[in-house]
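Written out below as structure tokens is the structure these notes cover.
Atoms within each ligand, like the ligands themselves, are counted from 1 in listed order. All values below come from the heavy atoms of this structure, side chains included, with hydrogens, waters and symmetry mates left out.
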Amino acid sequence: MKTRRNFIKLTALGSVAVLTSSCSTSEKELEEKTNASKKVVKPIVISTWNHGIAANEVSWKLLSKGGSSLDAVEAGVRVTESDPNNSSVGIGGLPDRDGFVTLDACIMNHENECGAVAFLQDIENPISVARKVMEDTQHVMLVGEGAKQFALEKGFKETNLLTEKSKKAWEKWKEHSNYQPTINSENHDTIGLLALDENGNLSGACTTSGMAYKLHGRVGDSPIIGAGLFVDNEVGAACATGMGEAVIRIAGSAIVVELMRNGMSPYEACKEAVNRVVKKHKDLTGLQVGFIALNNYGEHGGYSVYSGFNYAIHTKTQKEMIDTKFNRK
Ligand code: ASP
């Protein structure tokens, strides 16, 4: 009988054969870079966009000393949340159309425990509030005023998240906006970060200020377990970035994990999920979605609707950005 490991190996090798017969050598290079069909690589951390490099660095410090993937994913994305120059996550995030910065985040560990906050205002590190929801309550998600009240009770400080830079950008947007929200405004959005620790445990975190200039009250995929993030230690983990509504419609990250459970490599699973997004939407104008995934062998991959998406990887021997393949230019 085939072991699961062998099955994955065979599937991955099968896909190499298909890819090499129809595609360029760069597909082969991608297989190399993404550890497809090799031995278990751990610890490992991957995360979305260029801001993932700095986040991974902090995660890696913990992982390389035998730290847990849960601590690593939280610590990693906190870096991005606390960077005032990042206009899509945490402090400095672009506001909604009425000028309020509202944050969404979720976290999930290897035991399927999870926590989330949505439409949270005035708190710099929503991911840590999400972790408190997971660890200190019986609930999975708190939103809005209730989430803020909970955060303050837990000792989080009230902070003005609207920086001068973001305020100016919002005021400029208002001049010609027609109140249309924008996605991928700076080509680096939500941070989704996935880690596999030395003990073979997977965790993930996802945090964002969401779509810039959205309707007040809008919540995207990022804090929704199964959409913006999903972890199943028996299989792997996945997270999403881009147009949250499109990700929710296909239960994006949960689908990626299920596809991996059925034998697909992380790359193939992300590609199939993107294909579903493409298939389910008649108008793809401006509809960018990207997925990244990591399985419990340390194999990873990503795919996006449009070109321009990338993710950062950090292991003992590899530290680089990987440009994902895409459905269209
Ligand atoms: N997925 C986020 C949202 O829809 C935004 C993004 O990743 O750009 O809120």
Is the NZ or CZ atom of K174 both under 6.0 Å from the centre of the six-membered ring of W170 and within 45° of that ring's axis?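 Yes - K174 lies over the ring of W170, closer than 6.0 Å to its centre and within 45° of its axis.
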Relative to the ring of Y303, is the ring of Y267 parallel (under 30°), tilted (30 to 60°) or perpendicular (over 60°)? perpendicular
Any nitrogen or oxygen of [X], side chain or backbone, less than 3.5 Å from one on ligand 1?
{"X": "D221", "answer": "yes"}
{"X": "M243", "answer": "no"}
{"X": "G210", "answer": "no"}
{"X": "R218", "answer": "yes"}

Proximal ligand 1 atoms for [X], defined as those under 4.0 Å from one of its heavy atoms:
{"X": "M211", "answer": "9 (O)"}
{"X": "T190", "answer": "1 (N), 2 (C), 5 (C), 6 (C), 7 (O), 8 (O)"}
{"X": "S222", "answer": "1 (N), 2 (C)"}
{"X": "T241", "answer": "6 (C), 7 (O)"}

Applying the side-chain hydrogen bond (donor to acceptor under 3.5 Å, both in side chains) criterion to H216, which one of D96, T102, D98 satisfies it?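 It is D96; the other options fail the test.
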Side-chain donor-acceptor contact under 3.5 Å, [X] with [Y]:
{"X": "D122", "Y": "T159", "answer": "no"}
{"X": "N86", "Y": "S88", "answer": "yes"}
{"X": "S82", "Y": "N125", "answer": "yes"}

Quick test of your reading of the structure: of P223, S209, G242, whose heavy atom lies closest to atom 1 (N) of ligand 1? G242
Hey, does N233 have a side-chain heavy atom less than 4.5 Å from the side chain of N201?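 They are in contact (side-chain heavy atoms under 4.5 Å apart), so the answer is yes.
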